[in-house]
Amino acid sequence: MNPEASRDIVFNHLYLDFDEDLTIVEGVFDAIIGPNAVPILGSTLNEDSALFQEIVTNDTPVYIALDRDAKKKENRLIEKFLEYGIEIYKINTTAYDDVGAMPKANFLHLKKKATLINSDNYLLYRTLSSL
């Protein structure tokens, strides 16, 4: 049985720098892929969670690299960050089933080519990503 404890934690908080860009991934093994990466321990991140609030408070630029099977949840997360004016980039992970399976060099290359998502191009991004 799991102990009675809050699940609202920021995994590896001690090693994160919210003054630098932050990469959001799904799982712990995915977070090994790059510097300043944080797993959301699933594929959702609520507005009232400690991680979301810290990102908003520090106006931290965010790179999203969720697995390709989490497209709808990823879009909801992007929408929420846009509502708060967070600078957000989407890393194209479609060539891999799982971010943790990527070679680190490939991930860093894809991160450099990440697409800036803003309120002006979000609808176009959603349309193109659903094709």
Side-chain angles (χ1 to χ4, degrees):
M1 292 185 69
N2 290 328
E4 290 186 30
S6 172
R7 292 184 178 264
D8 187 20
I9 63 165
V10 179
F11 193 86
N12 267 355
H13 191 271
L14 179 65
Y15 301 109
L16 298 175
D17 183 357
F18 287 90
D19 292 328
E20 298 293 326
D21 64 69
L22 190 73
T23 302
I24 293 179
V25 295
E26 287 182 61
V28 175
F29 293 110
D30 298 333
I32 296 170
I33 199 75
N36 218 33
V38 60
I40 55 176
L41 305 174
S43 56
T44 59
L45 183 62
N46 295 322
E47 240 177 304
D48 57 347
S49 71
L51 177 58
F52 193 96
Q53 290 302 312
E54 190 145 6
I55 290 169
V56 170
T57 299
N58 291 291
D59 196 25
T60 304
V62 171
Y63 284 78
I64 293 189
L66 301 186
D67 297 342
R68 66 179 169 188
D69 63 347
K71 185 64 65 185
K72 288 181 183 177
K73 293 175 182 179
E74 178 180 84
N75 286 338
R76 282 195 297 268
L77 184 56
I78 290 170
E79 286 175 18
K80 281 295 169 197
F81 280 130
L82 288 175
E83 286 177 21
Y84 285 85
I86 299 299
E87 184 178 335
I88 189 155
Y89 298 85
K90 170 61 183 121
I91 299 173
N92 183 352
T93 60
T94 56
Y96 297 88
D97 287 331
D98 187 73
V99 172
M102 280 186 195
K104 191 170 187 170
N106 289 21
F107 177 80
L108 295 174
H109 175 72
L110 291 172
K111 185 176 178 183
K112 286 180 184 176
K113 293 174 46 178
T115 303
L116 172 65
I117 306 293
N118 57 36
S119 55
D120 293 334
N121 70 2
Y122 176 66
L123 290 177
L124 177 62
Y125 162 77
R126 279 204 56 181
T127 303
L128 293 175
S129 68
S130 67
L131 298 176

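In this chain, numbering begins with 1 at the start of the sequence shown.
- Across every non-hydrogen atom of Pro39 and Val28, the tightest pair is CB-N, 3.8 Å.
- For Thr60 against Ile86, the heavy-atom pair with the smallest separation is O-CG2, 3.3 Å.
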Review point. Would Leu45 and Phe81 satisfy side chain to side chain contact (heavy atoms under 4.5 Å, CB included), going step by step from the backbone distance to the final call?
Key: CA-CA 10 Å; Leu45 183 62; Phe81 280 130; 4.0 Å; yes
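- Using a cutoff of 4.0 Å between basic side-chain nitrogens and carboxylate oxygens, Arg76 and Glu79 are not scored as salt-bridged.
- Heavy-atom minimum distance, Val25 versus Leu66: C-CD2, 3.9 Å.
- For Asp17 (side chain) and Asp19 (main-chain N/O), a donor-acceptor pair under 3.5 Å exists by modelled atom type.
- In terms of heavy-atom proximity, Thr23 sits nearest to Ala65 at CG2-CB, 4.3 Å.
- Residues Glu54 and Leu16 form no side-chain contact, since every pair of their non-hydrogen atoms from C-beta on lies 4.5 Å or further apart.
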Exercise for review: Report the C-alpha separation of Ile91 and Ile64 in whole Å, then their side-chain angles, then the decisive distance to 0.1 Å, and conclude whether the side chain to side chain contact (heavy atoms under 4.5 Å, CB included) test is met.
Suggested key: CA-CA 6 Å; Ile91 299 173; Ile64 293 189; over 6 Å; no
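- Between Val10 and Phe18, some side-chain heavy-atom pair lies under the 4.5 Å cut-off.
- With rounding to the nearest 0.5 angstrom, the CG atom of Leu41 is 6.5 Å from the CZ atom of Phe11.
- Asp69 CG to Thr93 OG1: the interatomic distance, rounded to the nearest 0.5 Å, is 9.0 Å.
- The distance from the CG atom of Leu77 to the CD1 atom of Ile40 is 6.0 Å, given to the nearest 0.5 Å.
- Interatomic distance, CD of Glu74 versus CD1 of Ile24, reported as 10.5 Å (0.5 Å rounding).
- Between Tyr96 and Asn106 the shortest heavy-atom distance is OH-ND2, 2.5 Å.
- Rounding to the nearest 0.5 Å gives a distance of 6.5 Å between CG of Leu116 and CG of Asn121.
- Formation of a donor-acceptor pair under 3.5 Å by the Asn36 side chain with backbone atoms of Asp21 is found in this model.
- In the hydrophobic cluster analysis, where Ile, Leu, Val, Met, Phe, Trp and Tyr join through side-chain heavy atoms closer than 4.5 angstrom, Tyr84 is grouped together with Val38.
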Check your understanding: Please walk me through it: do Asp30 and Asp98 pass side chain to side chain contact (heavy atoms under 4.5 Å, CB included)?
Key -> CA-CA 8 Å; Asp30 298 333; Asp98 187 73; 3.1 Å; yes
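- Note that NE2 of His13 and CG of Leu51 are 8.0 Å apart. Values are rounded to the nearest 0.5 Å.
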Practice item. Begin from the C-alpha positions of Ile55 and Val62 and carry the test side chain to side chain contact (heavy atoms under 4.5 Å, CB included) through to its verdict. Key: CA-CA 8 Å; Ile55 290 169; Val62 171; 3.7 Å; yes
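- When hydrophobic clusters are built by joining Ile, Leu, Val, Met, Phe, Trp and Tyr residues whose side-chain heavy atoms come closer than 4.5 Å, directly or via intermediates, Ile78 is not grouped with Val99.
- A cation-pi arrangement is found for Lys111 relative to Tyr63, the charged atom lying closer than 6.0 Å to the ring centre and inside a 45° cone about the ring normal.
- The two atoms that bring Ile33 and Lys104 nearest to each other are O-CG, 3.2 Å, heavy atoms only.
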